[in-house]
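Beneath this line is the structure, given in C-alpha cells, with notes to follow.
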Amino acid sequence: MNYIGIDLGTSAVKLLLVDGEGKILNAVSREYPLSFPHPGWSEQAPADWWDAVTQGLAPLLDGHDAAQIAGIGVGGQMHGLVALDENDNVLRPAILWNDGRTADETDWLNQNIGREKLSELTANIAFAGFTAPKLLWMKKHEPELFDRIAKIMLPKDYIVYQLTGVHACDYSDASGMLLLDVAHRRWSREMLDVCGVSEAQMPRLFESYEVVGAVKPEIARSLGLPEGVKVVAGAGDNAAAAVGTGTVGDGACNISLGTSGTIFISSERFGVDPNNALHSFAHADGTYHLMGCMLSAASCNKWFCDDILKSRDYAQEQREITDERLGNNRVFFLPYLMGERSPINDTDARAMFIGMSMDSTRTDMVQSVLEGVAFAIRDSFEVAKSLGVRIERSKLCGGGAKSPLWRRIMANVLNLPLDIPQTEEGPGYGAAMLAMVGCGAYGSVKACADALVRTTETVQPEPALVERYERAYRKFQKTYPAVKELFRELQKGGTDHE
C-alpha cells in the first residue's frame, strides 16, 4: 500500500507519495501567498492552503494506482490561529506563527497570569507566536469576529477537517497553543477561561498516529482517491520532521534549518525548563520533547540573497567562503528578522550586521548570515546543556541543510557530529510515516523510524575550526545584550504598527 504525506509550510505545501517500504514515489509542491498587512504581521488565507492541496493531488497521483492509497498524514506550520464560525466558514485570515502583533497580550499573560502559573498550567510561558495571545488580540481588536468563533483550529487541522469533516488536533501541535496541559495531555480549562473560550470550541485531541476518520466520499471522488482512505491526526511540523528524521527515543536530537530554525530533543519523560527558554511539548510518538525555535533561519539567507543581493544562486554566493575564512569573519549578523523566540523571547529584536569596515565584502556578509543562524541555534543548545541534557550527535534537515558549507559551519559551531538523513523531506515524510502507523503497517512510530530512516552522510566537527568558532561565538553572545534596549526604543519610535 501507499501513503500520502502533506507538509503544510509557510510558503508552500509539499505532497509526498510514499510506499510501505519508505520509498518516495512522487513529490509535488504548490506555493501560496503570504500577507504582511502591517510590519511584523503575517497572515494567510486557509482557502489557499486547501486549494494548493487539491491542485497538487492530481499530479502527485499521476502514473500511480490511486486504489493503493491507504492513508494520509499532515504535518504543518504550528501556532497559527484558524477561527471558524458555526457553519465552519473561516472568519478571518489565519494569524501565523511568525506574526508579532501580540506583544501586549504576551506581556499581559506573562506578567498578570505569571510565568510560573503559565508553566504550571501548560509547561510553557507565553510567546508572541503562540495561539493563546492571538485569541486575546482578536478578543480586544476584533470583538465581533471573536464572538462568532465556533471552532479554533491550527493550520494543518484545517486540512484534516476539509478531508474528513472532523475537528481534530494532535497533542504535539496543541502543545504550542498555550492552551494545552501538556503534562496531562488535555485542554487546560484555566487557560481556556483566561482566553474567554470554552472546551466546546476546541478540536478533539488525538495522538499524532491515531486515525481521526476517513476521507469524505464526495472529497475522495473529487480528488480521485478511493473511498475509505484513513486520515491520521498528524503533527506540528517540527514533531513531524523529527519523526521523518528518526528523532524518536530518549535523547535523540534533530536540528531543522527551514524557514524557522529548531532544535528538537526527544525525551521519554516529561520535563520543563525552569527558565522557559526552551519549550516543553508533546512528541508525535506519544512521548515528549524539548524544543528551541528561532523565527528566521534559512529565511535569513533567502532574504539576504533574494531581496538584498538580487541573487537566487545561493551556491555561487557561498563559493568564495574558503577554509581560511571560516571562524575568522569580523562581520557578525543577528538573525532576528521577525523578532526572536528561543531563547530570548523578544518581539522587539531585529536583524543587524555589525563589524563592517571599508574592506568588508559581499562574501563576508553572506558568510555572517550563515554563521549568525548557526550561533543562534547554539544559544538554545547552551540552554539544553545547562539543564543537564547530554547531546552527543544530532540529525540535520531542512532547506538550509542542503548547503554543504552550512552543514560544515553548523557542525563546528555546535561541536557535534551531524547526521544527514537519506530522505530530506522532513514533515511530509514524517506525516506519511504517521499514516503508516495509523493504518497498522508498523506497530509504533519508533518501529517505523527504525525500519525506514537511514543516514547518508555524517559531518564531523574539525578541532581547529571548533576552536575558531568557539572564540567567534563568545563575541556573538555579547551582541544582543549590547543592543537589546535600543531595539525597544526603535519599536517605540513607531517603526512597527502599534
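FYI, the numbering just counts along the sequence from 1. Predicted model only: the values in this text are computed from it and were never measured.
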Would you tell me whether [X] and [Y] have side-chain atoms, one donor and one acceptor, within less than 3.5 Å of each other?
X	Y	result
Tyr473	Glu371	no
Gln318	Ser403	yes
Trp303	Ser296	no
Gln77	Gln44	yes
Tyr158	Asp88	no
Asn238	His289	no
Ser311	Asp313	no

So His279 and Phe130, ring-ring contact (aromatic ring centres under 6.0 Å, His included) or not? Walk me through it. CA-CA 11 Å; His279 306 315; Phe130 283 4; 5.2 Å; yes

If I compare all heavy atoms of [X] with all of [Y], which pair ends up nearest, and what's the gap?
X	Y	value
Pro417	Glu392	CD-O, 3.4 Å
Ile265	Cys253	CG1-SG, 4.2 Å
Pro203	Cys169	CG-CB, 3.6 Å
Asn276	Ala123	ND2-O, 4.1 Å
Asp170	Ser208	OD2-OG, 2.8 Å
Ser280	Gly271	OG-O, 2.7 Å

Quiz item: Should Arg408 and Asp323 be marked as a salt bridge (Lys or Arg N to Asp or Glu O under 4.0 Å) after you check the CA-CA gap, both sets of side-chain angles, and the distance that decides it?
Solution: CA-CA 10 Å; Arg408 189 179 176 199; Asp323 283 5; 2.7 Å; yes

Which distance, rounded to the nearest 0.5 Å, do you find between the [atom1] of [X] and the [atom2] of [Y]?
X	Y	atom1	atom2	result
Ser267	Phe270	OG	CZ	10.0 Å
Thr10	Met78	OG1	CE	12.0 Å
Met291	Ser256	CE	OG	10.0 Å
Phe375	Phe333	CZ	CZ	13.0 Å
Leu257	Cys397	CG	SG	8.0 Å
Lys216	Leu225	NZ	CG	13.0 Å

So, the side chain of [X] versus the backbone of [Y]: is there a donor-acceptor pair under 3.5 Å, distance only?
X	Y	result
Gln201	Ile149	yes
Tyr288	His283	no
Ser342	Cys293	yes
Asn124	Thr122	yes
Lys151	Val82	no
Asn275	Ala277	no
Thr164	Val160	yes
Asn87	Asn89	no
Thr131	Leu81	no
Asn415	Glu467	no

Check residues 445-461 and write down every donor-acceptor pair under 3.5 Å in which the side-chain atom is one partner and the other belongs to a residue at least two apart or another chain.
{"from": "Lys446", "atom 1": "NZ", "to": "Asp450", "atom 2": "OD1", "distance (Å)": "3.3"}
{"from": "Lys446", "atom 1": "NZ", "to": "Asp450", "atom 2": "OD2", "distance (Å)": "3.1"}
{"from": "Arg454", "atom 1": "NH1", "to": "Asp450", "atom 2": "O", "distance (Å)": "3.3"}
{"from": "Arg454", "atom 1": "NH2", "to": "Ala451", "atom 2": "O", "distance (Å)": "3.3"}
{"from": "Thr456", "atom 1": "OG1", "to": "Ile420", "atom 2": "O", "distance (Å)": "3.2"}
{"from": "Glu457", "atom 1": "OE1", "to": "Arg407", "atom 2": "NH2", "distance (Å)": "3.2"}
{"from": "Thr458", "atom 1": "OG1", "to": "Asp419", "atom 2": "OD1", "distance (Å)": "2.7"}

Give a yes or no on whether a salt bridge exists between [X] and [Y], defined as a side-chain N under 4.0 angstrom from a carboxylate O.
X	Y	result
Arg269	Asp250	yes
Lys23	Asp19	no
Arg378	Glu470	yes

message = Check this for me: Arg204, atom CZ, are more than 12 non-hydrogen atoms of other residues, nucleotides or ligands nearer than 6.0 Å?
response = no

- Task: Decide if atom NZ of Lys402 counts as having more than 12 heavy atoms of other residues, nucleotides or ligands within a radius under 6.0 Å.
- Result: no

### Query
Stepwise, does the salt bridge (Lys or Arg N to Asp or Glu O under 4.0 Å) test hold for Asp306 with Arg312?
CA-CA 6 Å; Asp306 292 7; Arg312 296 204 170 192; 3.7 Å; yes

inquiry  = Arg185 vs Glu207, test: salt bridge (Lys or Arg N to Asp or Glu O under 4.0 Å). Steps then yes/no.
reply    = CA-CA 10 Å; Arg185 297 172 104 83; Glu207 294 289 356; 3.2 Å; yes

Per side-chain contact (heavy atoms from CB on, under 4.5 Å), Leu326 is matched among Val413, Leu370, Leu465 by Leu465

Does Tyr171 have Arg186 sitting over its ring (NZ/CZ under 6.0 Å from centre, angle to axis within 45°)? no

